[in-house]
Amino acid sequence: MLKIGITGGIGSGKTTVCKVFETLGIPVFYADTVAKGLMVSDPVLIAGVKKAFGEESYAVSGALNNKHIAQIVFNNQAELDKLNALVHPAVFRAFDSWVKKVPPSVPYTLKEAALLFESGSYQLCDKNILVTAPLELKLARVMQRDGASREQVQARMDKQWSDEQKGKMADYFIENTEHQSIILQVLALHEQFLKL
């Protein structure tokens with residue numbers, strides 16, 4: 001089974017691109033969504049988070065105490081790295097078991113992840129796509145989507161690798177601007193992947 005990774009900075013529109021692949025019958029593993037689910041369902045991960053960040057990391061109901069975690073990891077790279085070192089392996093395991101359940105008739109799968117290159121999970125994929133968009137367009141999209149200020153969005157972007165850094169590791173690119181058709185770009189890549 002051919003495994004294709006797909007990533008892009010905040011506001012690049014990688015989820016929109018994934019939806020186009022899904023209309024072509026390609027299953028997509030949304031790593032960030034799965035990670036949120038694992039934070040409250042994976043016993044190994046939950047135990048690790050409690051050990052690293054305290055019992056108060058979870059409410060009595062079992063819900064994640066996002067505020068508590070955010071206060072610890074926000075603006076503290078060492079603590080964020082500690083959290084990622086717990087979460088990423090759990091997501092890798094989930095991806096492995098997910099791929100095994102995909103029917104053999106499916107030509108390839110996509111793994112969508114914001115930190116595809118940063119987490120090292122690109123190495124679990126055969127090829128990787130980077131979705132890019134101009135800075136102003138990304139800022140506008142996220143400000144509108146999240147109701148955030150320009151400064152808040154820029155601060156989040158500054159924590160991510162740049163498109164230049166990611167571009168050095170990507171095999172394929174999709175430019176998500178108002179002038180380029182993402183559907184045509186996806187169809188072109190789909191044809192290439194079917195030949196691989």
Side-chain angles (χ1 to χ4, degrees), residues 5-23 28-42 45 49 53 56-59 61-88 90-91 94-95 110-119 121-122 128-167 169-170 173-183 185-186:
I6 183 164
T7 193
I10 184 172
S12 63
K14 63 186 176 299
T15 306
T16 305
V17 171
C18 287
K19 297 292 178 205
V20 180
F21 276 104
E22 284 182 309
T23 65
V28 180
F29 178 88
Y30 291 96
D32 304 333
T33 305
V34 169
K36 287 182 184 128
L38 291 171
M39 292 288 288
V40 293
S41 67
D42 182 316
L45 178 56
V49 170
F53 304 106
E56 62 273 31
S57 301
Y58 289 87
S61 65
L64 184 69
N65 184 347
N66 284 313
K67 202 172 177 185
H68 172 74
I69 301 286
Q71 281 174 333
I72 296 170
V73 302
F74 199 74
N75 293 329
N76 187 329
Q77 192 59 48
E79 293 296 330
L80 181 60
D81 290 345
K82 198 193 298 181
L83 179 63
N84 285 336
L86 293 165
V87 177
H88 293 317
V91 176
F95 178 62
L110 280 186
K111 179 183 185 178
E112 188 256 26
L115 303 177
L116 186 75
F117 296 121
E118 297 90 326
S119 70
S121 70
Y122 73 97
N128 294 287
I129 304 167
L130 175 62
V131 180
T132 63
L135 177 63
E136 286 304 317
L137 188 56
K138 290 194 284 193
L139 282 165
R141 282 175 183 157
V142 182
M143 284 161 62
Q144 185 179 8
R145 183 189 74 196
D146 298 351
S149 71
R150 186 184 179 89
E151 292 70 31
Q152 288 170 317
V153 177
Q154 189 66 61
R156 282 159 70 188
M157 285 181 172
D158 292 343
K159 285 187 176 359
Q160 294 188 334
W161 283 13
S162 68
D163 283 351
E164 289 72 33
Q165 281 174 289
K166 293 177 183 176
M169 303 167 89
F173 297 86
I174 290 180
E175 210 179 323
N176 188 6
T177 68
E178 262 118 33
H179 313 294
Q180 302 275 96
S181 163
I182 58 168
I183 294 171
Q185 293 179 78
V186 167

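Note: Y58 OH to I69 CD1 = 6.5 Å, rounded to the nearest 0.5 Å. Between the CD1 atom of I174 and the OG1 atom of T16 there is a distance of 11.0 Å, given to the nearest 0.5 Å. Between atom CG of residue L130 and atom CD of residue E175 there is a gap of 10.5 Å, rounded to the nearest 0.5 Å. In this structure, the separation between CG on N76 and CG on L83 is 11.5 Å, given to the nearest 0.5 Å. Rounded to the nearest 0.5 angstrom, R145 CZ and T15 OG1 are separated by 7.5 Å. Between the NZ atom in K14 and the CD1 atom in I182 there is a gap of 13.0 Å [rounded to 0.5 Å].
At least one donor-acceptor pair under 3.5 Å links the side chain of N176 to the backbone N or O of S12. For Q160 (side chain) and M157 (main-chain N/O), no donor-acceptor pair under 3.5 Å exists by modelled atom type. Here the side chain of N65 pairs a donor or acceptor atom with the backbone of E56 at under 3.5 angstrom. Although no hydrogens or angles enter the test, the distance criterion places no donor-acceptor pair under 3.5 Å between the side chain of Q180 and the main chain of T177. With hydrogens and angles ignored, the 3.5 Å screen pairs a side-chain donor or acceptor of T7 with a backbone N or O of A114.
In this structure the side chain of L38 never reaches within 4.5 angstrom of the side chain of V87, judged on heavy atoms. Contact check for E178 versus L137: side-chain heavy atoms found under the 4.5 Å cut-off. Residues V186 and V17 have side chains in contact (heavy-atom distance under 4.5 Å, counting atoms from C-beta outward).
Using a 4.0 Å cut-off between a side-chain N of Lys or Arg and a carboxylate O of Asp or Glu, R156 and D146 qualify as a salt bridge. Looking at E136 and R150, a side-chain N of the basic residue comes within less than 4.0 Å of a carboxylate O on the acidic one, giving a salt bridge.
Shown here is I183, whose CD1 atom has no more than 12 heavy atoms of other residues, nucleotides or ligands within 6.0 Å. The number of heavy-atom neighbours closer than 6.0 Å to NZ of K159, taken from other residues, nucleotides and ligands shown, is above 12.
Residues A133 and R141 approach most closely at CB-NH1, 3.6 Å, considering heavy atoms.
Here the rule is side chain to side chain contact (heavy atoms under 4.5 Å, CB included) with V40, and of L64, V49, L45 only L64 fits it.
Stacking of K166 on the aromatic ring of Y122 is not recorded, the 6.0 Å distance cut-off and the 45° axial limit not both being met.
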